[in-house]
Structure formats: C-alpha cells, structure tokens
Asks: 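Dumping the structure here so I can ask a few things about it.
Treat the numbers as computed from the prediction; the structure is a model and nothing was measured. Chain identifiers are assigned alphabetically (A, B, ...) following the order of the sequence lines, protein sequences preceding nucleic acid strands; residue numbering begins at 1 within each chain.
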Amino acid sequence: MADSTTLDLRQLTGRFVLDGASQVGRLTYFVVDMIRGLGEVRIWWPRMMVEAWNIGAGSLFIVLLISAFAGAVTALQTGYQFTGSIPYYVVGTLVTSSIILELGPVLTALILAGRIGARYAAELGTMRVTEQIDALESLGRSPSSHLVIPRVLAGLLMIPALTVFANLAGVLAGWLSVKAVLPVTDADFIYGAQYYWRPWDAWYSIIKAFFFAGSITIISCYMGFNTQQGAEGVGKSTTTAVVTSSVLILVLDTVLTRLLLNQ
Amino acid sequence: MIEVHNLVKRFGKQTVLNGVEFEVREGETVALLGPSGTGKSVLLKTIIGLIKPDQGTVYIDGKDVCKLNRKELSELRSRIGYVFQNGALFDSMDVFENVRLGITDQDKYTDLPYVRERIAEVIRLVNLPADTIDKFPAQLSGGMRKRVGIARAIAGSPKYLLYDEPTSGLDPVNADIIDGLVQRLDHELGVTSVMVTHDVRGAFRVADRLALLSEGKIVMQGTPQEFLESKNEKVREFLERDFDNPSFAA
C-alpha cells in the first residue's frame, strides 16, 4: 500500500514536472515566434492601434472607478488608525505612497487581467477552435504578426498609461475623502505627499505596470492560442489565463519590489 | 504533384494515420473518401504542414513539406488554397477583408485597385452577389460562407486547391451548387485539387480519381469506374452504404 502510494506520488511529481517543462518550452517558442514577427510592422501596426484604442477607451472608466474607491478607502482607514497619535499630514504621505507604489499598478493589472486577459484568451481560443488561426497559417501568413503582436504591444503601451491615470484618480479620491472626514487641509496633504516623495516612485509604478502588462497579454494570448476541444476548451483557456496572469502579477509584484526598491 | 509516403500520425494513444500512401498528379482532381473520423482532414492538414506527422514524408513539387523552414513553408502555402470545412472566415472582418487575405503576394495585397478588381472577380467566380463584399460572415448563410471560403482560397491564384468537406452541413441543393462550383473552378483555373468528403455522390461527380481512407490507410485509389467495378470489401461496403443504385455516376 505504502509502495503504491509512493509510486503514485512519484508518477504525479514526474508528470507535473514534465508538463511544466513542456509548457515553459512551448511558451518560450511562442515568445520567440512573436519576436521574429516584429519585422512585419505594416501587418501589426494598424491592428495594434485598434487594440490600443479598445484597451484604453474600454477600460478607462472601470480603472478610474476602482482606483478612486481604493484611494478613498485607504485615506479613510489611514485617518481612522492614526487620529490623535500622528500628525495629519502623514495621511498625505501614506495615501500617495500606497496608491503609487502598490494599489495603482496592482489593482489596475488585476482588473485588466480579468477584462483584457479573458477577452484575449476567449477571442484567440474561439479563433483556434473555429480554424481561423489554421486559415491564417494556410494562407502563408503569420498568426503571430496578425493576432499576437498587436495585442501584446497594445497592452504594453496602454496598461502603464492606464496605471498613471489610476494613480492620479486614487490619490485625488484619497485627498477628497480625507478632507471630508478629518481636519486635514490641502496644505497638510500636499506637504505629506511631498515629504517622502521620490521621482523614482513614479517610474517604479510604471515599470511594474509594464511587467504586469507583459504577463497579462502574453499569458492570455498563449492560452488562447493553445486552446483545444471546442467551447469547453475556450472556457478552460479563459479561466486559466485569468488565474495564471493574476498569480503571476502577485509574484512579479513581490519580485520587483525586492529588486527595484532594494528592500 | 503531391506525394505522401508512409504517413503516420498519432494523437495520444490513438493512431489516426497508419502508413498512408497517396498521390495527386498535376491538373487532376482527387476526392479523398472515407467515413467520418477516419483522419481525412488530418491528412489534408498534414499535406499543407498545419499538422506535423510522427513518421513519413509529404512532397509537394518535390519539396519535403516537413523539412521546410518557416519562410519556405509560407512561400509554399502561398501556392495552395485551402477551403476549410466551416469556411473558417475571420468573423471580425467583412467579406472584402476576408477574401483580401487570400491575396498572398504582399505587393498585390497592398495595391488597392488590384485588390478591388481581384475580389470582384473571385466573388463573381463563386456566384455570389457583388454586394456580399460589404457583409460580415455572421450575416451570411452556410452555403454563402463556404463560397466566400472558396473565393478566399482562389484569390491568390493558387496552383493547388485543398477542399475540406466543402459540402458538409449543406442541404442537397446547396451541396450540388458547391460541387458544380468546384468542378467548374478546377476546369477554368486548371488547378490540381484534393477534395476531402464523405459525400460519395459529389465525389463521383467532381473527381478524376478517388481514394478511400479506412483504418488509417488508403485502401484503394482509382477512377470512379474502377471504384464501381472494385471487389474490395471496404470499397463495396462504403459505396453500398450511400447508394442503392450505382447509376449516380452518370
């Protein structure tokens, strides 16, 4: 009994390792294929502009809304915890830092993993199961240049841009909220925001958003591209794309914080 | 000329193609027959390099498809038109853009006056109304989608045309229209064609030669007359299942 359990565990571990290695290999090949297709600018450029508009215009409202609420709640909770013990201007410091360093990029990325990642995986998955990707290949055209590169580059361009808007909305909402419930003046908030401010913080936020954009778009396109078995496969790819890119965002968040903030 | 030698393809533990030997000569139309699920579409996709075989070779004009690099494969595919079972039209594009993608020469693809003229020509060739080019695939009937798929396949003036079940899912009237269209195009364009089908009636009407795929192998290749006279058990079984009266060949 013990032997058979050990054997099963070995088999499971072996299968897990092999599957993982196979996925990494295929993902690497997928990315290499994408890089090769970058030369076909006249194919991907117009499609990238359309995708960029779709991401930007379609996601701006929800990104601003969620960031504004996150900023407001951060400000209110900071005010609640620090009242009476720490100067009020610290609220400005904490709200600005929390939003720009963490909440702005991470929340935006998680929202877009659901919104853009799911859409890309479902679109490409449907194209795979209805043979549209095969049709492109049969016409001697590169599916990477037509379908993957425009989506990935549009994400790399627009997700950092949306993060900047999210940061602004979060800080502004935090500022207004804290003014409504605490005796914090504009001068206090601005003083606090500037006290620990380093220009690197803004770059750090954008760099993180850039990495998150890469993980959302590449993982989602990869999952969609490798969809199998009809409608069920499309559903599975979509779920896997959102879950994988969300987990990767959190892992990257930790790694980038360690690397870029030298903690 | 298309030559397939000892082709083997497995999916997991299932062997779909098990030593296929198959040949298509210049200018002829070959119908690849067989019951559903016997690997006809897999064979067609292997010919164009969309599926990699586990064993065996596919030669087109003397070139081994399995050994071509990305650029060579792309160049080869530009000389082959592939008609997919359900059209495989890009649903985010209108018919004009769908058919335009079939123009595989990049200089011609960007020459808009040429593109307009060529698309109008192929739309006319497949008997579709001129205003179809402004419609999206979702606005077309099944038969029209198949014809747009054929228009896209011939837009680049290919040397070879591969049809994957061009009449499946159509009513008999539309199936006859598509069969007639395939026959006419093959004669007018002088292409070499392979048509995968399980519609024996259509195959006898359109093809110069037939090949029957069963249990992963080609069990017979020959003219329609040779098929009718064949004593091969699998051939008889396949033909008799579809026809009570062999006079369909007339």
Asks: To check you understand the geometry: which heavy-atom pair defines the closest contact between A:Gly140 and B:Ser74, and what is its length?
Replies: O-OG, 2.7 Å

Asks: Near B:Glu117 CD, under 6.0 Å, is it more than 12 heavy atoms from other residues, nucleotides or ligands?
Replies: no

Asks: Do you know which of B:Ile48, B:Asn86, B:Leu101 has the most heavy-atom pairs under 4.5 Å to chain A?
Replies: B:Leu101

Asks: Shortest non-hydrogen contact from B:Ala88 to A:Ala135?
Replies: O-CB, 3.8 Å

Asks: Does atom CZ of A:Arg15 have more than 12 heavy-atom neighbours from other groups under 6.0 Å away?
Replies: no

Asks: Find the distance between CG (A:Asp134) and CD (B:Gln85) and round it off to the nearest 0.5 Å.
Replies: 12.0 Å

Asks: With side chains defined as the heavy atoms from C-beta onward, is the minimum distance between B:Leu73 and A:Glu137 less than 4.5 Å?
Replies: no

Asks: Considering residues, nucleotides and ligands other than A:Lys236, do more than 12 of their heavy atoms fall under 6.0 Å from its NZ?
Replies: no

Asks: Side chain, backbone, both or neither: which part of B:Arg79 has a heavy atom under 4.5 Å from chain A?
Replies: neither

Asks: How long is the gap from OG on B:Ser41 to CD on A:Glu131, to the nearest 0.5 Å?
Replies: 7.5 Å

Asks: Do A:Gln132 and B:Phe84 come close enough that some side-chain heavy atom pair is under 4.5 Å?
Replies: no

Asks: For A:Leu136, is it the side chain, the backbone, both or neither that has a heavy atom under 4.5 Å from a heavy atom of chain B?
Replies: both

Asks: Relative to chain B, which segment of A:Ser142 carries a heavy atom at a distance below 4.5 Å: side chain, backbone, both, or neither?
Replies: side chain

Asks: Got more than 12 heavy atoms from elsewhere within 6.0 Å of CZ, A:Phe165?
Replies: no

Asks: Working to the nearest 0.5 Å, report the span between CD of A:Gln228 and CZ of B:Phe11.
Replies: 9.5 Å

Asks: For A:Ser138, which atoms come within 4.5 Å of any heavy atom of chain B: side chain, backbone, both, or neither?
Replies: both

Asks: Looking at chain A, which one of B:Ile80, B:Asp91, B:Leu76, B:Thr110 has the largest number of heavy-atom pairs inside 4.5 Å, strictly under?
Replies: B:Asp91

Asks: For the atom pair CZ (B:Arg152) and CG (A:Leu139), what is the distance rounded to the nearest 0.5 Å?
Replies: 5.5 Å

Asks: Find out whether the Lys NZ or Arg CZ of A:Arg42 is both under 6.0 angstrom from the six-membered ring centre of B:Tyr109 and within 45° of the ring's axis.
Replies: no

Asks: Would you check, one step at a time, whether the test side chain to side chain contact (heavy atoms under 4.5 Å, CB included) holds for B:Gln106 with A:Glu40?
Replies: CA-CA 11 Å; B:Gln106 203 54 36; A:Glu40 295 181 303; over 6 Å; no

Asks: Looking at B:Phe136, I want to see if its CZ is surrounded by more than 12 non-hydrogen atoms of other residues, nucleotides or ligands under 6.0 Å.
Replies: yes

Asks: Answer yes or no: does atom CZ of A:Phe69 have more than 12 heavy-atom neighbours from other residues, nucleotides or ligands under 6.0 Å?
Replies: no

Asks: Can you confirm whether A:Glu232 is buried at CD, in the sense that more than 12 heavy atoms of other residues, nucleotides or ligands lie under 6.0 Å from that atom?
Replies: no

